[in-house]
Amino acid sequence: MSRIEIIHGDITKQAVDAIVNAANCSLLGGGGVDGAIHRAAGPELLAECRTLHGCETGKAKITRGYRLPAKYVIHTPGPVWRGGTHREDELLASCYRSCLTLADENGCKTVDFPSISTGVYAFPVERAAGIAIRTIGAFLADHPAIERVRMVCFDSRTRAAYDAALREWEARA
Ligand code: APR
């Protein structure tokens with residue numbers, strides 16, 4: 001049974017230990033999944049984010065989940081796609097590793113991710129899916145305490161990209 005799953009859904013509805021927010025470096029909210037998470041969590045989330053003084057691309061910071069069904073929110077600014085010559089692949093992989101490291105340090109057994117950087121930040125979704133699944137798979141191999149990681153896809157094209165990436169990963173494993 002794979003510890004990585006792909007689902008189609010709304011990440012703000014998931015009752016897991018941690019959900020990841022595809023944030024921006026200010027950590028002060030925005031549109032997309034960032035906006036949805038802040039709306040669902042309520043104003044205390046922004047209040048806590050204000051105390052964090054931002055976050056570098058590829059790094060991650062953790063807060064409580066407040067009115068969300070998830071216990072924690074792990075905020076990570078993904079790279080903006082600029083053609084692939086500005087370390088975008090490396091920075092995206094770093095987002096997944098940084099989030100999973102924080103989840104592990106905080107005793108999270110179940111972690112849900114959105115498709116980081118593939119919306120407003122325009123990272124090609126098939127390329128991002130391969131990076132995400134390979135990075136998550138490698139991390140889980142060394143961290144048995146995390147029981148399950150899901151990619152929560154918001155549309156069918158994204159879902160198809162992550163399904164294909166997971167099938168490829170499992171075929172090689
Ligand atoms: N649940 C799961 N996934 C969602 C949800 C949701 N409720 N809402 C949007 N998404 C998906 C998008 O469809 C996309 O596949 O999250 C993925 C990431 O898209 P964005 O939210 O645009 O994030 P990103 O591309 O990383 O851009 C980040 O956008 O919202 C701003 O403040 C944010 O400046 C930052 C930038």
Side-chain angles (χ1 to χ4, degrees), residues 4-43 45-50 52-63 65-84 86-100 102-103 110-133 135-136 148-166:
I4 308 176
E5 294 174 20
I6 314 297
I7 67 167
H8 189 158
D10 177 344
I11 202 164
T12 67
K13 307 270 192 274
Q14 308 307 321
V16 292
D17 290 337
I19 62 168
V20 171
N21 180 22
N24 59 59
C25 292
S26 76
L27 295 189
L28 299 179
V33 70
D34 193 4
I37 287 172
H38 275 275
R39 273 193 302 281
L45 179 60
L46 182 58
E48 184 174 359
C49 283
R50 287 193 198 289
L52 300 178
H53 306 301
C55 186
E56 275 176 61
T57 298
K59 302 264 193 304
K61 291 191 178 179
I62 192 166
T63 66
Y66 299 103
R67 297 176 195 169
L68 287 162
K71 186 176 177 191
Y72 295 108
V73 182
I74 298 175
H75 307 260
T76 187
V80 177
W81 180 254
R82 295 160 64 190
H86 294 77
R87 300 176 51 230
E88 293 97 319
D89 289 3
E90 179 191 327
L91 286 166
L92 184 62
S94 175
C95 285
Y96 285 94
R97 264 195 304 277
S98 301
C99 292
L100 289 171
L102 270 181
T110 54
V111 185
D112 280 1
F113 282 93
S115 176
I116 299 168
S117 283
T118 66
V120 166
Y121 283 0
F123 202 115
V125 67
E126 288 79 11
R127 186 185 182 110
I131 293 166
I133 296 299
T135 306
I136 294 166
R148 185 193 71 196
V149 173
R150 296 189 305 189
M151 293 304 308
V152 182
C153 303
F154 208 48
D155 59 68
S156 51
R157 175 164 182 233
T158 302
R159 165 73 190 264
Y162 283 86
D163 274 339
L166 181 57

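Computed from a predicted model, the values in this text were never measured in an experiment. Both ligands and their constituent atoms are indexed starting at 1 by order of listing.
- No side-chain donor-acceptor contact under 3.5 Å links Gln14 to the backbone of Ala70.
- Between the side chain of Lys61 and the main chain of Leu52, a donor-acceptor pair closer than 3.5 Å is present.
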Report, one line per pair, each donor and acceptor closer than 3.5 Å where one atom sits in a side chain of residues 151-158; sequence neighbours left out.
unit_1: Asp155; atom_1: OD1; unit_2: Arg157; atom_2: N; d: 3.2
unit_1: Asp155; atom_1: OD1; unit_2: Thr158; atom_2: N; d: 2.8
unit_1: Asp155; atom_1: OD1; unit_2: Thr158; atom_2: OG1; d: 2.8
unit_1: Asp155; atom_1: OD2; unit_2: Thr158; atom_2: OG1; d: 3.1
unit_1: Arg157; atom_1: NH2; unit_2: Glu126; atom_2: OE1; d: 3.3
unit_1: Arg157; atom_1: NH2; unit_2: Glu126; atom_2: OE2; d: 3.2

Note down each nitrogen or oxygen pair, ligand 1 side and protein side, whose separation is under 3.5 Å; give only atom names and the distance to 0.1 Å.
unit_1: ligand 1; atom_1: 1 (N); unit_2: Ile11; atom_2: N; d: 3.0
unit_1: ligand 1; atom_1: 7 (N); unit_2: Asp10; atom_2: OD1; d: 3.0
unit_1: ligand 1; atom_1: 21 (O); unit_2: Val33; atom_2: N; d: 2.8
unit_1: ligand 1; atom_1: 22 (O); unit_2: Val120; atom_2: N; d: 2.9
unit_1: ligand 1; atom_1: 25 (O); unit_2: Gly119; atom_2: N; d: 2.8
unit_1: ligand 1; atom_1: 25 (O); unit_2: Val120; atom_2: N; d: 3.1
unit_1: ligand 1; atom_1: 25 (O); unit_2: Tyr121; atom_2: N; d: 3.1
unit_1: ligand 1; atom_1: 26 (O); unit_2: Ser117; atom_2: N; d: 2.9
unit_1: ligand 1; atom_1: 30 (O); unit_2: Gly31; atom_2: N; d: 3.0
unit_1: ligand 1; atom_1: 30 (O); unit_2: Gly31; atom_2: O; d: 2.7
unit_1: ligand 1; atom_1: 32 (O); unit_2: Asn24; atom_2: ND2; d: 2.9
unit_1: ligand 1; atom_1: 32 (O); unit_2: Asp34; atom_2: OD2; d: 2.7
unit_1: ligand 1; atom_1: 34 (O); unit_2: Asn24; atom_2: ND2; d: 3.4
unit_1: ligand 1; atom_1: 34 (O); unit_2: Tyr121; atom_2: OH; d: 3.2

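- Checked by atom type and distance alone, the side chain of Asn24 pairs as donor or acceptor with a backbone atom of Gly29 at under 3.5 Å.
- The shortest distance between side-chain heavy atoms of Tyr96 and Thr76 does not fall below 4.5 Å.
- The backbone N or O of Ile37 sits nowhere less than 3.5 Å from a side-chain atom of Thr12 that would complete a donor-acceptor pair.
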